[in-house]
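Keep in mind that the numbers below use all heavy atoms, side chains included, and drop hydrogens, waters and symmetry copies.
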Amino acid sequence: SKFFLNLCALLNPGYAEKRKPCSYSSGVCELTSGNKSFSLGGVSHLGFDKKDLVASFSGGDVCESDKAGKRQARIHFTCRRGNKGNPRLVQVVGCTYMFEWETEAACGTKEIQAPTDRGEEMQPTQPGLSGLQGRCAVESPLSHFVYDLSPL
């Protein structure tokens with residue numbers, strides 16, 4: 001299988017139409033070797049699970065192994081300096097696809113956020129995403145480092 005992924009928005013509908021993968025509401029799409037496509041859902045959470053940076057996707061297509069369940073995905077990010085990296089599928093458990101992604105974006109920075117013109121955070125452009133200056137970024141509640149995932 002091949003996977004198409006967009007952390008910060010939905011998959012590009014123009015590209016999706018050409019390849020006929022998933023619906024416009026997909027953030028992750030699986031394209032099988034038999035040319036079938038399945039949505040793994042849209043971003044439902046981008047943040048921290050305890051101390052780990054994770055992205056969760058939910059609301060995908062119905063899962064064949066559990067007709068009551070829907071496909072979903074979870075990406076666990078690990079800091080790796082000097083590397084943009086790529087997500088790697090490590091396991092599928094039931095209807096959940098688990099990826100690992102070693103990337104410099106998961107290292108975070110001590111960036112200080114400038115206020116917007118109105119002195120407040122901008123609202124996220126997609127549910128589940130952080131509103132840090134309208135970017136695809138989150139701030140660690142422990143270290144207060146900023147993790148900007150928009151380059152991915």
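Side-chain N or O atoms of Ser140 include one that pairs as donor or acceptor with a backbone N or O of Ser143 at under 3.5 Å.
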Next item on the list: Test side chain to side chain contact (heavy atoms under 4.5 Å, CB included) on Leu7 and Trp101 and set out the steps.
Entry: CA-CA 12 Å; Leu7 283 171; Trp101 196 338; 3.9 Å; yes

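Every pair passing salt bridge (charged side-chain N to carboxylate O under 4.0 Å, His left out) that includes a residue from residues 75-93 is listed here, sequence neighbours excluded: Arg80-Glu102, Arg88-Glu100. Sorted by first then second residue, the salt bridge (charged side-chain N to carboxylate O under 4.0 Å, His left out) pairs that include residues 51-65, not counting sequence neighbours, are Glu64-Arg71. A salt bridge (charged side-chain N to carboxylate O under 4.0 Å, His left out) check over residues 37-48, counting only residues at least two apart or in different chains, returns nothing.
Considering only heavy atoms from C-beta on, Phe48 comes within 4.5 Å of Pro141 through its side chain. The closest side-chain heavy-atom distance from Asp148 to Thr109 is not below 4.5 Å.
Under a 4.5 Å side-chain heavy-atom criterion applied to ILVMFWY residues, the cluster that includes Val93 comprises Val90, Met98 as well.
Of all heavy-atom pairs spanning Cys136 and Leu46, the tightest one is SG-CD2, 3.7 Å. In terms of heavy atoms, Ser150 sits closest to Cys8 at CA-SG, 3.6 Å. Taking both residues in full, the closest heavy atoms of Gly41 and Phe57 are given as O-CD2, 3.9 Å, listed atom of the first, atom of the second, then distance. Closest approach of Ala105 and Tyr147 over heavy atoms only: O-CD2, 3.7 Å. Of all non-hydrogen atoms in Ala106 and Phe77, the two that sit nearest each other are CB-CB, 3.7 Å. Residue Pro87 comes nearest to Phe99 through the heavy atom pair CB-CD2, 4.2 Å, listed as atom of the first residue, atom of the second, then distance.
The OG atom of Ser26 lies 11.5 Å from the CZ atom of Phe4; values are rounded to the nearest 0.5 Å. Between atom OG1 of residue Thr103 and atom CD1 of residue Ile75 there is a gap of 11.0 Å, rounded to the nearest 0.5 Å. Here Ser56 contributes atom OG and Gln72 contributes atom CD; the two are 8.0 Å apart, rounded to the nearest 0.5 Å. Separating the SG atom in Cys107 from the CG atom in Asn83 is a distance of 9.5 Å, to the nearest 0.5 Å. Within the model, atoms CD of Glu104 and OG1 of Thr78 stand 14.0 Å from one another, a figure rounded to the nearest 0.5 Å. Atom CG in Leu10 sits 9.5 Å away from atom OG in Ser39 (nearest 0.5 Å).
Listed by chain and residue number, Leu89, Tyr97 satisfy the side-chain contact (heavy atoms from CB on, under 4.5 Å) test with Val92 (two or more places apart in sequence, or in another chain). Residues forming a side-chain contact (heavy atoms from CB on, under 4.5 Å) with Ser1 (at least two apart in sequence, or on another chain): Phe3, Glu30, Thr32.
At a threshold of 4.5 Å between side-chain heavy atoms, the hydrophobic network of Ile, Leu, Val, Met, Phe, Trp and Tyr places Val54 and Leu5 in two separate groups.
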